[in-house]
Every structure is written in structure tokens, then in C-alpha cells.
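Predicted model, so just to flag it, every value in this text is computed and none were measured.
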Amino acid sequence: MKMTHIAVACLLFLASAATAQEMQQAAAKSTPNAPALEVKVRKVWEDFKSKNKESLGAALADGFREMEEGGSGFGDKKAEIAMVDEFELTSYILRDFTVKSFGTHAALVTYLAHYEGKSGGQVAKSDSIFGEVWVHEGIDWKVLYIQETTVK
């Protein structure tokens, strides 16, 4: 009887160790990875520049919001995608990325951007700091919130 208890205890220990390892592997897949999130940010910029609305829309989370300095209020996913037609992004440089994890399913990404483009025939350029909240939604990382602040 004692041997049976020992065998059952060993099996329970092995099963719990396997479950813990599976949970760690699942968390690792959804834990924010700084280089991977930087790639996603750069892809959003490139999608905007190339006017790839479908890909841009796929990168924006449900409930997406954004705020530009000097804007009249929050924009949503629809407004962000429509902006592709209103602003022609001609060039951009992104640098100084930092990623701060907020658990396994959220991260704050900050970086500096210099960009140039045209809006309504007028040339526009800006040096800005961006703060973006990225969330793990479904099987992928998506941007939930973008805040742009112009740097003088």
C-alpha cells in the first residue's frame, strides 16, 4: 500500500511538472519580445507608407484609439485607416525603441520618429515621440493605443 502511495505521488509530481512546463512555454509565446514588437511597429509604418489598408487594419486591435498632438480628439480604427488617403508618408526614420512588458499580454513600446509627407498638397515633417500600447489578441500582437507627441 505504501508503494502505491509513493507511485501515485511520483505520478502527480511528474504531471504537475509537465503542466508547469507547458504553461511556461505558452506564456513565452505570448510574452512581449522587444525585437519582435519593433518589427511589428516598423511594419505598421511601412503599411501606412505603402497604403496597405488591409494589413494596417489587421495590425490594429479591437477598440483601437489614437491621439495626435494638435488633434481634435481621439481617433479610432476607421479614422486611422482613412488617414492613409489623407496623408502621403514619403519617408520616416524610427529609433531608440524601448519595450516595457505589462505581463504576458501587454506591452508599452516607445520610440522616436522623424517623418515627412504631404497632406492637402502641403509638405509636412515632424520629429515625434510615440508611445504605443500593444496587446496579445488572438494569436498575434496588435496595437491598441498610439500617442504621438511632437518634439521641438
Distance (rounded to the nearest 0.5 Å) between R65 CZ and Y145 OH: 7.5 Å
Do H136 and T104 come close enough that some side-chain heavy atom pair is under 4.5 Å? no
Close side-chain approach of K40 to E132, heavy-atom, < 4.5 Å: no
From I81 CD1 over to D76 CG, what is the distance, rounded to the nearest 0.5 angstrom? 9.0 Å
Within the 4.5 Å heavy-atom criterion, are K77 and D62 side-chain neighbours or not? yes
Tell me, do V109 and F130 make a side-chain contact under 4.5 Å, heavy atoms counted? no
Once you round to the nearest 0.5 Å, how far does CG of D47 lie from CD of E54? 10.0 Å
Could you measure the distance from the CG atom of L60 to the CD1 atom of I146? Nearest 0.5 Å is fine. 6.5 Å
Ignoring hydrogens, what is the shortest heavy-atom contact between A107 and V99? Give both atom names and the distance. CB-CG1, 4.1 Å
Looking at CZ of F64 and NZ of K78, how far apart are the two atoms once the value is rounded to the nearest 0.5 Å? 15.0 Å
Quick check: closest heavy atoms across E46 and Y92, and the distance to 0.1 Å? OE1-OH, 2.5 Å
Beyond-backbone contact of L144 with E137, side-chain heavy atoms, under 4.5 angstrom: no
Supply the atom-to-atom distance E38 CD to R95 CZ, rounded to the nearest 0.5 angstrom. 12.5 Å
List the atom pairs, with distances to 0.1 Å, where a side-chain N or O of residues 115-125 and a protein N or O form a donor-acceptor pair under 3.5 Å, not counting sequence neighbours.
from	atom 1	to	atom 2	distance (Å)
Y115	OH	E148	OE2	2.6
E116	OE2	H114	NE2	3.0
S119	OG	E86	O	3.4

Looking at every non-hydrogen atom in both residues, tell me the closest pair between K51 and V84 and how far apart they are. NZ-O, 2.5 Å
Testing the basics here: between A61 and V135, what is the closest heavy-atom pair and its distance to 0.1 Å? CB-CG2, 4.1 Å
V44 vs L56 side-chain heavy atoms within contact, under 4.5 Å: yes
Heavy-atom pair of closest approach, residues G75 and A79: CA-CB, 4.3 Å
Under 4.5 Å side-chain linkage, directly or through intermediates, the cluster mates of I129: L112, V151
Non-hydrogen side-chain atoms of M83 and F48 separated by less than 4.5 Å: yes
Count I, L, V, M, F, W, Y as connected when their side-chain heavy atoms are under 4.5 Å apart, and connections chain through other members. Are L108 and W141 then in the same cluster? no
Please list, chain by chain and in numerical order, all residues satisfying ring pair (Phe, Tyr, Trp, His ring centres under 6.0 Å) with F97, sequence neighbours excluded. Y111
Using the side chain to side chain contact (heavy atoms under 4.5 Å, CB included) rule, take L89 and W45 through it: C-alpha gap first, then chi angles, then the decisive distance, then the call. CA-CA 9 Å; L89 180 63; W45 278 81; 3.8 Å; yes
Say whether, by atom type as modelled, one donor and one acceptor occur between the side chain of E69 and the main chain of T150 under 3.5 angstrom. yes
R42 and L94: CA distance, side-chain angles, deciding distance, side chain to side chain contact (heavy atoms under 4.5 Å, CB included) verdict: CA-CA 8 Å; R42 291 181 183 281; L94 310 178; 3.7 Å; yes
